[in-house]
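Input: a single structure, listed below in structure tokens.
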Amino acid sequence: MINDSRTQYGMLSKILHWGMALLIGWQLMKFGDRIADGEHWVGQTMVPWHVSIGSLLLVLIVARIIWAASQHKHRPEQDPQTARLVKAGHGLLYAGMLLMPLTGMMVMLGGGYGVNAFGLQLIAKGEELGWAATLGSLHSPLAWALTALIIGHIGMALLHHFRGEAVLKRMV
Ligand code: HEM
Ligand code: HEM
């Protein structure tokens, strides 16, 4: 049950998939800061958790990569005609999920703000770091790219589902 099989994703893969999808959706609310400088309900209720949830996501993506590697040999099979494309798409989603929190950390490090997650000081405040700020400047473009990927991913999942294929069923 906990492990994946050739026909179904297992419990842990499903919890990681849907739990992280929810948290990443929450993180993308940070785009809302562009509206009225964050002076509205999105900016005030969801966004203050950005660094904490982002740090949690960094731990979760490392765990997910290790878990995916351990399940690699017995995950559900892909249609051979599109298997390469699907694997590339999933690979890019993994890259995005890893690079988002890493570059987010760089924004904080670059500005000398330190990183505080759920009240825990993970990185102390310090001097501004030019190299970290440069890497951090990738955070926003990567967020746009990840958003586009996620929209494509959801679109493909729904397309397969409404064609009557069991792709969505094996993840729910
Ligand atoms: C999966 C994790 C993450 C996602 C999806 C994400 C997403 C985003 C998005 C959508 C924005 C708005 C960009 C814009 O308006 O152009 C943003 C900005 C920001 N994020 Fe994240 N983020 C994540 C993790 C983190 C982490 C871990 C930190 C800090 C430790 C962080 C720090 C920041 C900061 C300081 C900004 C505002 C500065 C900027 O726009 O460059 N983020 N993030
Ligand atoms: C932040 C949002 C999301 C991300 C980052 C994401 C990422 C991924 C990744 C990396 C996989 C490969 C399996 C794994 O390693 O877990 C996957 C599989 C899957 N996702 Fe998502 N996902 C997201 C949201 C969604 C949503 C909203 C849906 C439903 C409409 C969905 C439907 C699926 C399905 C059906 C599969 C199985 C595909 C297959 O077996 O080929 N995902 N997702």
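These numbers come from a predicted model, not from an experiment. As the structure lists them, so they are numbered: ligands from 1, and atoms in each ligand from 1. Numbers here are sequence positions counted from 1.
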Pick from Ile61, Val107, Ile24, Ile53: the one approaching atom 41 (O) of ligand 1 most closely through a non-hydrogen atom: Val107
Met20 and ligand 2 - part of the residue with a heavy-atom distance under 4.0 Å: neither
Neighbour count above 12 (heavy atom, 6.0 Å) for Gln121 CD: yes
Under 4.0 Å to a heavy atom of Ser55 - the qualifying atoms of ligand 1, by number: 27 (C)
Straight-line distance of Leu60 CG to Met97 CE, nearest 0.5 Å: 10.5 Å
Distance from atom 9 (C) of ligand 2 to nearest protein heavy atom, with residue and atom: Arg64 NH2, 3.5 Å
Any donor-acceptor pair under 3.5 Å from Asp37 side chain to Glu39 backbone: no
Per-atom contacts, ligand 2 versus Met97 - under 4.0 Å to a heavy atom: 5 (C)
Heavy atoms of other groups near Tyr113 OH, more than 12 under 6.0 Å: no
Atoms in ligand 2 flagged as close to Val167, the criterion being non-hydrogen separation under 4.0 Å: 35 (C), 38 (C), 39 (C)
Atom 1 (C) of ligand 2: nearest protein contact (heavy atom, Å): Ile150 CD1, 3.5 Å
Option whose closest heavy atom lies nearest to atom 40 (O) of ligand 2, chosen from His153, Met156, Arg170: Arg170
Residue portion contacting ligand 2 (non-hydrogen atoms closer than 4.0 Å) for Trp18: side chain
Ligand 2-proximal atoms of Leu168, by part, heavy-atom distance under 4.0 Å: both
Heavy-atom nearest neighbour in the protein, as seen from atom 26 (C) of ligand 1, with distance rounded to 0.1 Å: Gly104 CA, 3.8 Å
Nearest neighbour in protein (non-hydrogen) for atom 2 (C) of ligand 1: Met100 CB, 3.7 Å
Residues, nucleotides or ligands: over 12 heavy atoms within 6.0 Å of Arg6 CZ: yes
Taking atom 24 (C) of ligand 1 as the reference point, the nearest protein heavy atom with its distance: Gln27 NE2, 3.5 Å
Identity and separation of the nearest protein heavy atom to atom 30 (C) of ligand 2: Ile154 CG2, 3.7 Å
Met171, CE atom: more than 12 neighbouring heavy atoms under 6.0 Å: yes
Main-chain N/O of Gly110 paired to Glu128 side chain as donor or acceptor, under 3.5 Å: no
Any donor-acceptor N or O pair under 3.5 Å, side chains Gln8, Lys14: yes
Nearest non-hydrogen protein atom, atom 3 (C) of ligand 2: Ala21 CB, 4.1 Å
Arg64 versus Ser13, side-chain donor and acceptor atoms under 3.5 Å: no
Residue and atom name of the nearest protein heavy atom (relative to atom 37 (C) of ligand 1), distance in Å to one decimal: Lys30 CE, 3.7 Å
Heavy-atom donor-acceptor pair, His40 side chain to Gly32 backbone, under 3.5 Å: yes
Numbering as shown, the atoms of ligand 1 that approach Met108 to under 4.0 Å (heavy-atom distance): 29 (C), 30 (C), 35 (C)
Close-contact set for ligand 1 against Leu57 heavy atoms, below 4.0 Å: 1 (C), 2 (C)
Which atom of Val47 lies closest to which atom of Gly43, heavy atoms considered: CB-O, 3.5 Å
Protein contact of atom 15 (O) of ligand 1 - nearest heavy atom, named by residue and atom, plus distance: Arg34 NE, 2.8 Å
Selected option - heavy-atom contact closest to atom 6 (C) of ligand 1, from Met106, Met105, His50, Met29: His50
Polar atom proximity, Tyr9 to ligand 2 (N or O, under 3.5 Å): yes
Contacting atoms of ligand 2, where contact means under 4.0 angstrom from a heavy atom of Tyr94: 10 (C), 14 (C), 15 (O), 16 (O)
Over 12 non-hydrogen atoms of neighbours within 6.0 angstrom of CH2 in Trp67: yes
Contacting atoms of ligand 1, where contact means under 4.0 angstrom from a heavy atom of Gly54: 24 (C), 27 (C)
Per-atom contacts of ligand 2 with Gln78, taking only distances under 4.0 Å to non-hydrogen atoms: 39 (C), 40 (O), 41 (O)
Donor-acceptor under 3.5 Å (Ser52 side chain, Ala117 main chain): no
For atom 14 (C) of ligand 2, the option (of His17, His90, Arg75) bearing the nearest heavy atom: Arg75
His90 and His153 aromatic ring geometry - parallel, tilted or perpendicular at 30°/60° bounds: perpendicular
His139: its N/O/S atom lying closest to atom 21 (Fe) of ligand 1 (atom name): NE2
Plane angle bin for His139 and His50 - parallel if under 30°, tilted between 30 and 60°, otherwise perpendicular: perpendicular
